[in-house]
Amino acid sequence: MNLERLEVELQGPVARVWLNRPEVRNAFDGLMVTELRKTLFDFGAIDAVRVIVIGGRGPSFCAGGDLQWMKAAVNFTREENLRESQALADLFFTVYNSPKPVVARVHGAALGGGAGLVAACDIPVAALGTQFGFTEVRLGIIPAVISPYVVGKIGESAARELFLTGERFEAVRAAEIGLVRAAVPPDDLDAAVEGRVKELLQAGPRAIAEAKALIREVAWKRVEDVQRYTVERICDLRVSMEGQEGMRAFLEKRKPTWGS
Ligand code: COA
């Protein structure tokens with residue numbers, strides 16, 4: 001696929017996807033949504049790829065939906081408008097549902113859908129000074145398709161404040177409310193991201209995919225409702241090739257086949 005809105009680097013087991021539309025702070029339009037969704041989906045299906053890192057070229061991670069593009073929806077039919085909105089929802093779901101762990105490298109600004117993208121990633125790490133915000137209400141719209149991911153990460157209490165005020169907030173607050181996992185000095189951002197990648201590469205690739213599915217399945221459910229599922233998952237995984245190799249490697253005091 002010829003990419004106009006992204007830059008992609010494949011280095012060993014790590015796929016780096018750069019939003020590359022810096023002139024509008026990586027705001028996403030229809031083309032970026034399509035390219036990002038397809039790229040992430042494709043990487044999800046490649047065995048050799050074990051970690052995906054998403055970052056932004058230029059001064060900011062992502063300024064959210066392209067306001068020119070969203071404004072133009074007034075000329076769409078209802079069906080066209082629904083189709084574009086669905087494509088956006090599918091993008092966030094592709095990130096969230098990826099069998100690969102997705103790390104976000106966040107700097108500059110992550111606003112609206114940009115903050116939503118952060119929420120959909122597994123391990124977002126931000127530079128101190130990064131500006132976050134669910135600014136939609138200030139534009140007369142709402143953070144609709146990103147809301148399940150954001151509320152899942154920051155909870156209803158913080159969402160009520162931040163979705164309703166639309167105020168901007170800094171990386172330290174984003175870390176406190178659980179939107180990002182860490183806020184580090186800008187000069188340490190790449191090292192912090194690499195640190196997360198290194199940890200992820202110690203884990204069994206299938207185990208990671210299964211662990212992501214496990215979280216999706218048990219989050220917000222009653223223990224009684226998910227107990228059978230959890231029993232079946234551990235039952236399957238401990239006799240899987242990867243499970244057997246991981247446990248054997250530990251007992252034999254060596255690294256498992258996937259370990260670096
Ligand atoms: N959609 C379309 N264009 C956008 C955009 C967006 N979401 N965000 C920024 N841009 C454009 C600006 O209009 C500007 O275009 P211009 O050069 O033609 O004037 C260009 O990107 C650079 O933006 P600027 O504000 O000058 O850059 P900055 O580095 O000082 O600030 C932001 C960057 C992201 C903090 C700021 O642009 C901003 O607050 N954007 C609005 C983000 C927002 O509310 N998004 C929610 C969408 S739902």
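Positions are given from 1, in the same order as the sequence printed here. When a ligand or atom number is given, it counts from 1 through the structure's own listing order.
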Inset, instruction - Look only at the side chain of Lys153 and the backbone of Cys121, and say whether a donor-acceptor pair between them is shorter than 3.5 Å. - result: yes

Legend entry - N/O donor-acceptor pair under 3.5 Å between Glu35 side chain and Arg5 backbone: yes

Legend entry - Euclidean distance, Leu128 CG relative to His107 NE2, rounded to 0.5 Å: 14.0 Å

Donor-acceptor pairs under 3.5 Å, side chain of residues 81-89 to any protein atom, not counting sequence neighbours: which ones?
| unit_1 | atom_1 | unit_2 | atom_2 | d |
| --- | --- | --- | --- | --- |
| Glu84 | OE1 | Trp69 | NE1 | 2.7 |
| Ser85 | OG | Asn81 | O | 2.9 |
| Gln86 | NE2 | Asp90 | OD1 | 2.9 |

Less than 3.5 Å apart, which donor and acceptor atoms pair up between the side chains of residues 177-187 and the rest of the protein, not counting sequence neighbours?
none

Legend entry - Under 4.5 Å side-chain linkage, directly or through intermediates, the cluster mates of Leu111: none

Note every protein N or O atom lying under 3.5 Å from an N or O atom of ligand 1, pairing the names and giving the distance.
| unit_1 | atom_1 | unit_2 | atom_2 | d |
| --- | --- | --- | --- | --- |
| ligand 1 | 1 (N) | Leu67 | N | 2.9 |
| ligand 1 | 7 (N) | Ala63 | O | 3.0 |
| ligand 1 | 7 (N) | Gly65 | O | 3.0 |
| ligand 1 | 21 (O) | Glu23 | O | 3.4 |
| ligand 1 | 27 (O) | Arg25 | NE | 3.2 |
| ligand 1 | 27 (O) | Arg25 | NH2 | 3.2 |
| ligand 1 | 29 (O) | Arg25 | NE | 2.8 |
| ligand 1 | 29 (O) | Arg25 | NH2 | 3.3 |
| ligand 1 | 39 (O) | Arg168 | NH1 | 2.7 |
| ligand 1 | 39 (O) | Arg168 | NH2 | 3.0 |
| ligand 1 | 44 (O) | Thr135 | OG1 | 2.8 |
| ligand 1 | 45 (N) | Ala63 | O | 2.8 |

